Amino acid sequence: MAQDKVRVGVIGCGAGLFHLEGYAAEPRAEVVALAGLDTDRCEMLAGRFSVPRIYRDYQDLLAQEDIDAVSIAVPNFLHMPVTVAALEAGKHVLIEKPLARHVDEGKLMLEAAERTGKILAVSFQRRTRHDVEIVRDQIACGALGRVYYSKAYWMRRSGIPGLGSWFTSKEAAGGGPLIDLGVHVLDMALYMLGNPVVTTVSAATYSEIGPRGRGNWVGRRTSQGSDDPVNYEVEDLATAFLRFEDGGTLLLEASWASFTEMDDDFGVQFYGSEGGARIHSKKYADVDTLDLFSEIGDTTTDSHPRLVSRPGHAQIINGFVDGILNGTPVSPDGEEGLDRVRLIDAVYRSAALGREIDIAEVG
Ligand SMILES: NC(=O)c1ccc[n+]([C@@H]2O[C@H](COP(=O)([O-])OP(=O)(O)OC[C@H]3O[C@@H](n4cnc5c(N)ncnc54)[C@H](O)[C@@H]3O)[C@@H](O)[C@H]2O)c1
């Protein structure tokens, strides 16, 4: 890199916003180009973040030799082709979650990173939360004892991100709330547990509300792709039971639309032999979200740490830029992204087959 700053392109002008905010907080990087099909949104972002160049075709952005790295925030079916093209164009890549729609695509992405020697980082920004850091440290130092049971969930009352958009197309998205929201809390849980080895998955998926044209999250996203308002091919609720090699288990739930008191809430809860921990976030809150359960002597004790708010994408981008400039390992990396995709694959496969499956069956 000839210049002193990492020169970045952002592909995708929806969640690309979070990346632009993150780079704006990173003095060692500069966004020099945007790409997206929705010209209005891209122009608005370019104006707001003073980005000099806009392209419609991502290939045109990738052809720019002065760009060192790209953030990719496009629909899931484009994650693999855009990432592989970017790596082969010599760019480091920060890809939005999920890494890919399924394992085969994910493997092609990791192979491209290996082949080109470029960084492949994944935007699971929720693992940078203060509550997650505390719980991960508590588990790592043994304060919870042996953690034998965990729950992870993300439940919305009415939050399908655009009926008829790419989100509700099985081909375009790879799945519904499980691959969209569940993958975040799955990553959080496994990260806090220190990445236990998952051996089996038993799952079921349901599609009760979306196909009837209900449960939409009106006004939050523009629709790309199909214009059919009742095109709904994915689940609207998924539930899964994962077994770990160490005997522990994890219950995972994800829904875009369900009759529950939860509005747009996610959380993770851990049950250990010496203590417990619960993160519960209502509508994306990142403070006042953590309870720790323990004993002082023979007295039952609950504590509620005072948390600070952290901008997730900015932290991920800080690590990505460190990786580019200093060679420090990125977190999460492509391997962890692929591990989460493998588990999502296993959940969908188990639900389709109606039986527990061995992770080895996924490949
Ligand atoms: N980490 C998070 O919390 C988070 C939040 C929201 C979305 N996401 C992820 O970000 C990705 C995009 O989601 P979104 O909500 O922004 O979707 P969106 O539909 O709102 O935006 C998609 C963007 O991709 C662009 N695009 C589509 N095809 C393109 C092409 N061929 N070339 C260039 N640009 C193209 C569109 O023009 C648009 O700007 C998804 O993978 C989603 O899972 C992550």
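What you see is a predicted model; the values in this text were computed from it and never measured. Order of listing sets the numbers, starting from 1, for every ligand and every atom in it.
A continuous path of hydrophobic side-chain contacts links Val183 to Val122 [ILVMFWY only; heavy atoms under 4.5 Å].
At under 3.5 Å, not a single nitrogen or oxygen of Pro98, backbone or side chain, sits near a nitrogen or oxygen of ligand 1.
When atom types are taken as modelled, the side chain of Asp246 and the backbone of Gly248 share a donor-acceptor pair closer than 3.5 angstrom.
Checking Trp154 against Asp265 by side-chain atom types alone, no donor-acceptor pair falls below 3.5 Å.
With ring centers used as reference points, His19 lies 6.0 Å or more from Phe49.
Here the shortest heavy-atom distance to atom 36 (C) of ligand 1, taken over Val10, Asp38, Ile72, belongs to Asp38. Taking each of Trp166, Phe77, Phe18 in turn, the one with a heavy atom nearest to atom 17 (O) of ligand 1 proves to be Trp166.
Contact annotation: Phe124 has no heavy atom less than 4.0 Å from any atom of ligand 1. Under a 4.0 Å heavy-atom criterion, Tyr55 is not in contact with ligand 1.
The proximity of Lys97 to ligand 1, defined as any non-hydrogen pair under 4.0 Å, involves the side chain as well as the backbone. Of the heavy atoms in Asp57, none comes closer than 4.0 Å to ligand 1.
The aromatic rings of His184 and Phe124 sit perpendicular to each other, their planes meeting at more than 60°, with 30° as the lower class boundary.
When each atom of ligand 1 is checked for a heavy atom of Arg126 under 4.0 Å away, the hits are 3 (O). Per-residue contacts place Pro75 under 4.0 angstrom from the following atoms of ligand 1 (heavy atoms of the residue considered): 22 (C), 24 (O), 27 (C). If you number the atoms of ligand 1 from 1 as listed, the ones under 4.0 Å from a heavy atom of Cys13 come out as 23 (C), 38 (C), 39 (O). Residue Tyr58 has at least one heavy-atom neighbour below 4.0 Å for each of these atoms of ligand 1: 32 (N).
Taking 4.0 Å as the cut-off between side-chain N and carboxylate O, Arg127 and Glu133 do not count as a salt-bridged pair.
Annotation: cation-pi geometry not satisfied between Lys151 and Phe270 (NZ/CZ under 6.0 angstrom from ring centroid, within 45° of ring axis).
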